[in-house]
Amino acid sequence: MDDSKQGSKKGPPQVELPPSITVKQLADLLKAEPTRVIKQLMRRGMMANVNQSIDFATASATAADFGYDAKAAKDRKAAPSRKEKGKGKGKLPVRPPVVTVMGHVDHGKTTLLDVIRKTNVTAREAGAITQHIGAYQALVNERKITFLDTPGHEAFTAMRARGTQVTDIVTLVVAADDGVMPQTIEAIDHAKAAKVPIVVALNKTDKADANPERVKQQLVDLGLVIEEWGGDTVCVPISAKQGKGISDLLENLFLVADILELKADPDSAAEGVIIEAKLDKTKGPLATLLVQKGTLKRGDVVAAGSAWGKIKAMFDDTGKRVHKAEPSAPVEVLGLNEVATAGDHFIVLPDEREARSIVEKQKYPRPRLTLSLSTLSSQISEGRIKELNIVLKTDVEGSIEPIKNSIEKLGTEKTKARVIHTASGSITESDVLLASASNGIIIGFNTPTSPGTTQLADAEGVSIQHYDVIYKLIEDVDKALKGMLEPTYAEVLSGRGEVRAVFPRGKMGKVAGVYVVEGRISRDAQVKVLRQNKVIGSSRISSLKRFKEDVAEVSAGLECGLGVEGTIDFQIGDIIESYRRERIS
């Protein structure tokens, strides 16, 4: 860089630089955000984080990019960075970022993962990659990055529900031609609930009907304001099919990772998370582990949930046998006594006896306290809850905004209500997992609960509360936040059956021949009859029979005949839901 000036013309502003300076210090001198300086260094082929030191030549060239004329400082030295000061016990090395790729079906998530994986597997053809373990590492410009290949937001959130923070960054794949879709919205809400930064990969930009500006506006409407529009969400246009923009996406992922300053101690006992597990017919139980802290070695004794064992062998994502795995590395291990549970935390212990003892204690966990509107008051007073997270499901889209807006206006100085996800349709297992991960509740307005969801909610300690009147819903939330809501009785689903035959019984109406598909149906229980997911009638079971004999209850997998009080016009295909009333303490 030539420092000369042109005659008497006013030159660019000058800045004095020491022989060595950190990126953060340089950004301060240039009055620029560290992210802008890091990006400029990337354009020059240098990958650096905010605490990394750079030499005078690199710093002066970067200063020139920002319109400054750099001069060598004569008597001033740059203050040592935190990294330089921390040589000793306090210093932790940087670890690779862990990235989960999410998005709507057919938007190119799988193609993107395949392109990154094949591009970064060295010394072997793509066809030779025979083993896939659900997670893998890529090497980009001598830096590693770990990708989790999960089925989507449900698996992502299931791990969050178990208290395991697995992902550092979420890459949200959105098709430029299709735009934001329901699964896109769910992925955004799940990532926000986990408080994980989002990097948008705007895919299929090569297609003739691609409309990137429309998609960017849709993202803004969902609270993701991209950088070029003045926000802080990174958005990278790509074409996974053609392999375009992939390197730019990877660079931006490293940029976000550098800002997060991800570090881990590689010298401590290894800890991490079970990503997936299976039973191999020849090898026995196999588990994919993501190391989060320490270094996992062959021969280590690990405990994870109800599984334990001594690691006999470890394999990387290409099937190659390895002897150790450092922080952020995924490995498949052999040696556990049983199939582990995805999402469970694993630790390394001194010997097998201690591992067995730890596992036995974990088999009887303390029951989880269910948060509901009625229990909220006591938890607020005890200082355990400051924010009520709500998953809101309604029968139609038009009900969402007025209910959401009304809820978020409520609250006190002690606590606020926050609607973390909204959608129309039935309450699903995905909603339960999100509420569980966020320590929240589910509120349904004129909408049913999908089969199996209630059982999962009970297991996860998630409260599902149904309303059919908006003002009652708002009133209950308001009273709960103010600690004024009295204990109430809730309808708890105990069984579900399908009407497979209808028999007349004179003036008494009709008897339904029912196959019980879930739980138990009991005599005298309250029931709702649903047709095409809409309640057509409510009553109480007055008679319950099997093979002409009166019975007290019928379990799942069995058939029965039931009659109800009053008259309900049963039809084949109707769903009968049986409820019991429980007081919520």
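- For the pair Gly444 and Ile427, the tightest heavy-atom approach, listed with the atom from each and the gap, is CA-CD1, 4.0 Å.
- Using a distance-only test at 3.5 Å, with no hydrogens or angles considered, a donor-acceptor pair links the side chain of Gln137 to the main chain of Ser328.
- Between His190 atom NE2 and Ser438 atom OG the span is 8.0 Å, to the nearest 0.5 Å.
- Side-chain atoms of Thr428 and Asp431 include a donor-acceptor pair closer than 3.5 Å.
- For the pair His104 (side chain) and Val174 (backbone), a donor-acceptor distance under 3.5 Å is absent.
- The structure places NZ of Lys528 at 6.5 Å from NE2 of His466, a figure rounded to the nearest 0.5 Å.
- Lys510 and Ile568 make their closest contact through CB-O, 4.4 Å (heavy atoms, listed as atom of the first residue, atom of the second, distance).
- The two residues Asn533 and Ser426 have their closest heavy-atom pair at ND2-OG, 4.1 Å.
- For Ser542 and Glu565, the side-chain atoms include no donor-acceptor pair closer than 3.5 Å.
- Between atom CD of residue Gln218 and atom OG1 of residue Thr184 there is a gap of 8.5 Å, rounded to the nearest 0.5 Å.
- With Glu553 contributing its side chain and Arg520 its backbone, the two residues share no donor-acceptor pair below 3.5 Å.
- The line from CG of Asp189 to CG of Leu222 is 7.5 Å long, rounded to the nearest 0.5 Å.
- Between the side chains of His107 and Asn203, no donor N or O sits under 3.5 Å from an acceptor N or O.
- Atoms CD and CD, from Glu332 and Glu276 in turn, are 7.5 Å apart once rounded to the nearest 0.5 Å.
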(request) Run the numbers on Leu349 and Trp308 for side chain to side chain contact (heavy atoms under 4.5 Å, CB included), then give the verdict. (result) CA-CA 10 Å; Leu349 296 164; Trp308 64 275; over 6 Å; no
(request) Evaluate the criterion side chain to side chain contact (heavy atoms under 4.5 Å, CB included) for residue pair Val477 and Ile443; output intermediate values, then yes/no. (result) CA-CA 10 Å; Val477 174; Ile443 292 180; 3.9 Å; yes
(request) Verify side chain to side chain contact (heavy atoms under 4.5 Å, CB included) between Val98 and Leu262, making sure each step is shown before the conclusion. (result) CA-CA 10 Å; Val98 179; Leu262 305 170; over 6 Å; no
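- Among the candidates Asp468, Asp478, Ile407, the single residue satisfying the side-chain contact (heavy atoms from CB on, under 4.5 Å) test with Leu473 is Ile407.
- For the residue pair Leu336 and Gly309, the shortest heavy atom distance occurs at CD2-N, 3.9 Å.
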(request) Go through Ile541 and Ile576 one step at a time and tell me if the side chain to side chain contact (heavy atoms under 4.5 Å, CB included) criterion holds. (result) CA-CA 11 Å; Ile541 296 177; Ile576 295 180; 5.6 Å; no
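- When Thr167, Asp168, Thr171 are each tested for a side chain to side chain donor-acceptor pair (under 3.5 Å) with Thr100, only one passes: Thr167.
- Using a 4.0 Å cut-off between a side-chain N of Lys or Arg and a carboxylate O of Asp or Glu, Lys293 and Glu271 qualify as a salt bridge.
- Side-chain atoms of Ser494 and Arg580 form no donor-acceptor pair, as typed in the model, at a separation below 3.5 Å.
- Of the inter-residue distances, the one linking Asn446 atom CG with Thr394 atom OG1 reads 9.0 Å to the nearest 0.5 angstrom.
- Nearest heavy atom pair, residue Gly305 against residue Asp344, reads CA-OD2, 3.5 Å.
- Considering all non-hydrogen atoms of both residues, Gln292 and Gly272 come closest at OE1-CA, 3.6 Å.
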